[in-house]
Each structure stands twice: as C-alpha cells, then as structure tokens.
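This report refers to the structure that appears directly beneath it.
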Amino acid sequence: MNIFKKLLRKELGEARYNGLVTFVNKHCGPEVRNNTELYEEIYEYCSRLDSERIVGMQMRLNEVMYSAFQVGRTYSLAFFIYLGAWFVLLSMELQTELLLGGILAITVCFGLKTVQFFTNRCAYADARIIETYRMVLERILVHRARGQND
C-alpha cells in the first residue's frame, strides 16, 4: 500500500480521505496549481484539533516523507543487487532446476520492491493531498505560535 495513503487514512479518516481523493481526481488536474477548496477542506478539519495533536500529525508526516525518500534510494540499490544476483547465479553452474528456482526467487523479490516503488511514486492524488496537508499543518502551527507570542 502507498505510505501516503496509509498515513492520510489514519490521520483524516477513511471517509474524508476517500472524499478528498475523489475531489482531487475530478478537480485537480496537472494544470491546477493550487486548489483552495482542497486546502480549505483539510484546514477546516485540522484547525479544530489541539496543538499537541497537530504537532504529532506533523511529526508523523515528516517520518512518512523520509520513508518515501528512502524507498526511492533503496530501489536503485535493490536493482544493482538484483543484477549482481543474476550474474552470481549464472556463474555458479547450477542444475537447471536450482538455477531457475533462484532466478524466480530473486525476480519475485525484485518485483515486490518495484511494485512498492511505483505505488509510492505514481500516486498523484495522494501526493496532492499530502502537499496540501503539509501546508495546512505548517500554517496552523505558525498561526498558533504567533498567537501565543502576542
């Protein structure tokens, strides 16, 4: 599952998340830079929460953003390990059944890593929602920090 989707469903709730995805798919194409309706929907929900919960939400968001970055980094490493494993298996002069079994095993593992990579990389709606969600959390925290300093 997409790690952004998992976070958003946990933080915003299943029904709200599904509504946001439907909205993004209908109204937020690549040509739309900023969508105030999406921003206001998320802001309305998050502004009702206390500051401690907002800070926790932002910390979890930062962890997920880092994890998404790590998925991309580890994918290139997994690709080179996959190629290396192919060459090692081919150079070992194994029986045909063992060679095919080994190749099948490493291909399945690499295939799962590829699915994870593309699931996280190609989730347009989740990326738009995460981007807006990040801006909302930052705005709320800045606004509340200014209010306490006044």
If the condition is side-chain contact (heavy atoms from CB on, under 4.5 Å), which residues does T74 pass it with, not counting sequence neighbours? K113

Who pairs with M65 by side-chain contact (heavy atoms from CB on, under 4.5 Å), at least two apart in sequence or on another chain? F4, L61, I130

Mind checking whether R144 and L141 have side chains closer than 4.5 Å, heavy atoms only? no

So, do T107 and W86 sit near enough that their side-chain heavy atoms are less than 4.5 Å apart? yes

Run I81 and I106 through side-chain contact (heavy atoms from CB on, under 4.5 Å) and show every step you take. CA-CA 9 Å; I81 291 172; I106 63 170; over 6 Å; no

Got a sec, which residues hit side-chain hydrogen bond (donor to acceptor under 3.5 Å, both in side chains) with Y17, two or more places apart in sequence or on another chain? D126

Is there side-chain contact between F23 and E37, with heavy atoms separated by less than 4.5 Å? yes

Just say parallel, tilted or perpendicular for the rings of Y39 and Y43, cut-offs at 30° and 60°. parallel

Rounded to the nearest 0.5 Å, what separation is found between the CD1 atom of I129 and the CG atom of L20? 5.0 Å

Which word best sums up how the rings of F110 and Y82 line up, parallel for under 30°, tilted for 30 to 60°, or perpendicular for over 60°? parallel

Let me check something: any side-chain donor-acceptor pairs from residues 93-101 under 3.5 Å, sequence neighbours excluded? List them with distances.
none

Can you name the residues that form a side-chain hydrogen bond (donor to acceptor under 3.5 Å, both in side chains) with E40, not counting sequence neighbours? none

Hey, mind stepping through L8 and V21 against side-chain contact (heavy atoms from CB on, under 4.5 Å) and telling me if it holds? CA-CA 10 Å; L8 290 169; V21 168; over 6 Å; no

What pairs with Q70 under side-chain hydrogen bond (donor to acceptor under 3.5 Å, both in side chains), at least two apart in sequence or on another chain? R73

Looking at E52, I'd like to know if its CD atom is crowded, meaning that more than 12 non-hydrogen atoms belonging to other residues, nucleotides or ligands lie closer than 6.0 Å. no

